[in-house]
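Take a look at the structure below.
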Amino acid sequence: MQDISVFTSAPKASFYDKLFENLDLSELAEYNSPKGRPGYSNHAKLCAFIVMKCECFSYITDLLDYLQNNLIIAHYCGFDITSPLPSYWTMERFINQIDHELLDKILITQVRNLTKLGLIDSSFIAVDSTPIMANTSQNNPKSFRKNKFAKDNQPTSDSDCALGVHTATNQINERNYEFYWGYKNHILIDCITGLPIAEITTPANVADSTVVEELLAKADAYLTLEGCTFIGDKGYDVKAIYELIRNKYHGECVIPLNKRNTKNPKTLSTGHPICEAGLAMHKDGKFTEHGRTRQKYCCPFKRSKSGSCPCNHKNWNNGKKCRGCTKYVTLPDDYRLSIDRECVTFKKIYALRTEIERYNSRFKNTGQERLWVHSKKAAQNLNTIAHIALLAVAYAAAVTQSEYSYRCFKSVKRVA
């Protein structure tokens with residue numbers, strides 16, 4: 001038999017050899033049923049999809065062509081290369097039918113192994129979501145179909161996806177966004193190493209802040225988050241998240257304040273607001289409602305029987321006993337408003353959030369930005385396999401003590 005290793009570069013072949021040698025697939029049964037013909041190994045098919053993510057292929061056809069031209073890698077996956085490799089339909093059936101909980105257990109096993117090596121830590125964690133576009137013509141920018149982003153115009157090719165919006169900037173004064181049909185992959189990472197800890201796939205219409213509690217509970221089951229520092233962007237500036245981190249995990253939140261279109265009134269150094277006429281307003285009591293305390297300020301001539309308002313405010317000549325304008329200022333009596341977001345410590349810790357942006361870029365580069373499957377279950381499976389591939393590369397690089405960064409596929413494959 002001809003030597004198959006001559007058709008594949010030695011570093012790349014060595015990379016996959018080390019990768020699969022250190023990959024723990026004990027949670028997945030190698031064959032589906034003991035009765036009848038065993039078929040192809042589930043371990044081999046999963047390893048093939050990991051190759052697909054490592055090589056950044058978007059379609060199964062590209063993967064099968066690659067394995068056919070690099071049989072040594074197909075051998076390392078676990079296939080019998082003296083027989084035909086699995087067909088397109090076999091691989092597609094695998095990704096559509098495999099139990100997602102099994103893939104989740106494999107990911108958890110990798111996180112635990114990396115934690116034992118001291119590579120993953122939960123001291124500083126960050127969360128973010130990345131859009132996953134469904135396989136539908138309504139996501140095609142060249143499509144001239146009318147109302148393709150109408151809520152009641154569900155794509156027939158994928159009944160599980162939902163309509164979402166992807167913003168290209170976090171700046172309030174910039175309205176740069178686009179609609180899409182698909183899903184979201186919510187990712188929780190370790191900010192020090194930039195490696196994923198937990199992930200959840202939801203339809204695209206699910207708000208990011210509503211998934212945090214489930215995501216943290218999932219990670220805390222196998223990696224304690226006690227005393228963690230939680231980092232997120234303005235989309236996670238929700239009071240419930242602050243209370244969850246402080247009360248349940250006894251940690252701290254580093255989240256910028258989302259002003260939600262609130263106005264910034266002119267104030268004195270003492271904090272007293274200035275009315276439209278340029279006069280300092282007076283305190284007029286406090287009151288609490290909906291869990292927040294507000295300070296009321298009133299016009300300095302509120303009870304004056306004579307005089308006139310310099311700006312002729314509409315509430316001045318209303319015929320009431322207490323006249324003039326009023327303003328309300330929310331007092332920082334809760335954890336969310338008590339955070340000093342201008343201090344150096346806050347800014348330095350928040351700068352760690354760039355790690356999740358880098359990880360999202362690596363995740364999308366595996367071919368997950370646009371799907372070729374047509375169901376939520378298949379989308380979940382592909383997303384989890386992409387994370388497994390990224391963790392497997394990190395673990396293999398750590399075990400083999402590679403001098404190159406475990407975050408970069410190209411460098412690790414080049415010198416493996």
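- Going from atom NZ of K12 over to atom OG of S14 covers 13.0 Å, rounded to the nearest 0.5 Å.
- Residues I125 and F230 form a side-chain contact, since some pair of their non-hydrogen atoms from C-beta on lies under 4.5 Å apart.
- The backbone N or O of H100 lies less than 3.5 Å from no partner atom in the side chain of D104, so there is not a single donor-acceptor pair.
- The neighbour count for E30 CD, taken as heavy atoms of other residues, nucleotides or ligands under 6.0 Å away, is above 12.
- Scanning all heavy atoms of the two residues, the minimum distance from P155 to Q138 falls at CA-OE1, 3.4 Å.
- Contact of the Y236 side chain with the I231 side chain is not registered, since no non-hydrogen atoms from C-beta on lie closer than 4.5 Å.
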- Step by step, work out the side chain to side chain contact (heavy atoms under 4.5 Å, CB included) result for L19 and L23. CA-CA 6 Å; L19 183 69; L23 181 62; 5.8 Å; no

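- To the nearest 0.5 angstrom, N185 atom CG is 9.5 Å from I200 atom CD1.
- Although no hydrogens or angles enter the test, the distance criterion places no donor-acceptor pair under 3.5 Å between the side chain of E252 and the main chain of T229.
- Of the possible polar contacts, none joining the N365 side chain to the S361 backbone as a donor-acceptor pair under 3.5 Å is found.
- Considering CZ of R362 and CG of L390, their distance stands at 6.5 Å, rounded to 0.5 Å.
- Using a 4.0 Å cut-off between a side-chain N of Lys or Arg and a carboxylate O of Asp or Glu, R358 and E355 qualify as a salt bridge.
- Atom OH of Y88 is separated from atom CD1 of I60 by 5.0 Å, given to the nearest 0.5 angstrom.
- At a threshold of 4.0 Å, the pair K376-D160 does not count as salt-bridged, since none of the basic side-chain nitrogens sits closer than that to a carboxylate oxygen.
- Within the 4.5 Å cutoff, the side chain of I187 has heavy atoms near those of the N360 side chain.
- Residues L371 and I132 are in side-chain contact: their nearest non-hydrogen atoms beyond the backbone lie under 4.5 Å apart.
- Note that the NZ atom of K327 and the SG atom of C275 stand 7.0 Å from one another [nearest 0.5 Å].
- There is a side-chain donor-acceptor pair under 3.5 Å between Q368 and K53.
- The two residues C47 and L25 come nearest to each other via the heavy atoms SG-CD1, 3.9 Å.
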- Query: Do Y242 and D237 pass the side-chain hydrogen bond (donor to acceptor under 3.5 Å, both in side chains) test, and can you show the C-alpha distance, the side-chain angles, and the key distance before you say yes or no?
  - Reply: CA-CA 8 Å; Y242 291 91; D237 181 33; 2.7 Å; yes

- Item | Test log, rule side chain to side chain contact (heavy atoms under 4.5 Å, CB included), inputs L85 and Q68 | CA-CA 8 Å; L85 296 179; Q68 192 65 49; 3.7 Å; yes

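- The local environment of CZ in R294 is crowded, with over 12 non-hydrogen atoms from other residues, nucleotides or ligands closer than 6.0 Å.
- For the atom pair CE of M91 and CZ of F94, the computed distance is 7.5 Å after rounding to the nearest 0.5 Å.
- Smallest separation of non-hydrogen atoms from W181 and K151: CH2-O, 3.9 Å.
- For T109 (side chain) and K105 (main-chain N/O), a donor-acceptor pair under 3.5 Å exists by modelled atom type.
- Considering only heavy atoms from C-beta on, E178 stays 4.5 Å or farther from V165 through its side chain.
- Here F57 and Y66 bring their ring centres to under 6.0 angstrom of each other.
- Considering every non-hydrogen atom in both L163 and A150, the closest pair reads CD2-C, 4.5 Å.
- For H186 and E199, the side-chain atoms include no donor-acceptor pair closer than 3.5 Å.
- With contacts defined as side-chain heavy-atom distances shorter than 4.5 Å, the pair L391/L107 qualifies.
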- Message: Would V344 and K347 count as a side chain to side chain contact (heavy atoms under 4.5 Å, CB included) here? Give the steps.
- Response: CA-CA 5 Å; V344 176; K347 294 179 179 179; 5.8 Å; no

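- The backbone N or O of I120 sits nowhere less than 3.5 Å from a side-chain atom of D190 that would complete a donor-acceptor pair.
- At a threshold of 4.0 Å, the pair D220-K248 does not count as salt-bridged, since none of the basic side-chain nitrogens sits closer than that to a carboxylate oxygen.
- At a threshold of 4.0 Å, the pair K184-D208 counts as salt-bridged, since one of the basic side-chain nitrogens sits closer than that to a carboxylate oxygen.
- Taking the ring centroids of Y40 and Y31, they lie at or beyond the 6.0 Å cut-off.
- Without hydrogens or angle criteria, D121 side chain to S123 main chain gives a donor-acceptor distance under 3.5 Å.
- Around atom CD of E213, no more than 12 heavy atoms belonging to other residues, nucleotides or ligands sit under 6.0 Å away.
- When the shell of 6.0 Å around CD of E101 is examined, it contains 12 or fewer heavy atoms from other residues, nucleotides or ligands.
- For H387 and F363, the gap between ring centers is short of 6.0 Å.
- Under the 4.0 Å criterion applied to side-chain N and carboxylate O atoms, R353 and E357 are assigned as salt-bridge partners.
- Of all heavy-atom pairs spanning Y335 and G251, the tightest one is OH-O, 4.2 Å.
- The backbone N or O of F346 sits nowhere less than 3.5 Å from a side-chain atom of E342 that would complete a donor-acceptor pair.
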- Item | Derivation and outcome, side chain to side chain contact (heavy atoms under 4.5 Å, CB included), residues H374 and S159 | CA-CA 8 Å; H374 300 88; S159 59; over 6 Å; no

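- T156 has its side chain out of reach of T136: every pair of non-hydrogen atoms, C-beta onward, lies at least 4.5 Å apart.
- Smallest separation of non-hydrogen atoms from A221 and R112: O-NH2, 4.4 Å.
- In this structure, L188 and L216 have side chains that are in contact, with non-hydrogen atoms separated by less than 4.5 Å.
- Of the possible donor and acceptor atoms, one in the side chain of Y180 sits under 3.5 Å from a partner among the backbone N and O of Y183.
- No side-chain donor-acceptor contact under 3.5 Å links N205 to the backbone of A162.
- Listed for the S157 side chain is a donor-acceptor partner under 3.5 Å among the backbone atoms of N135.
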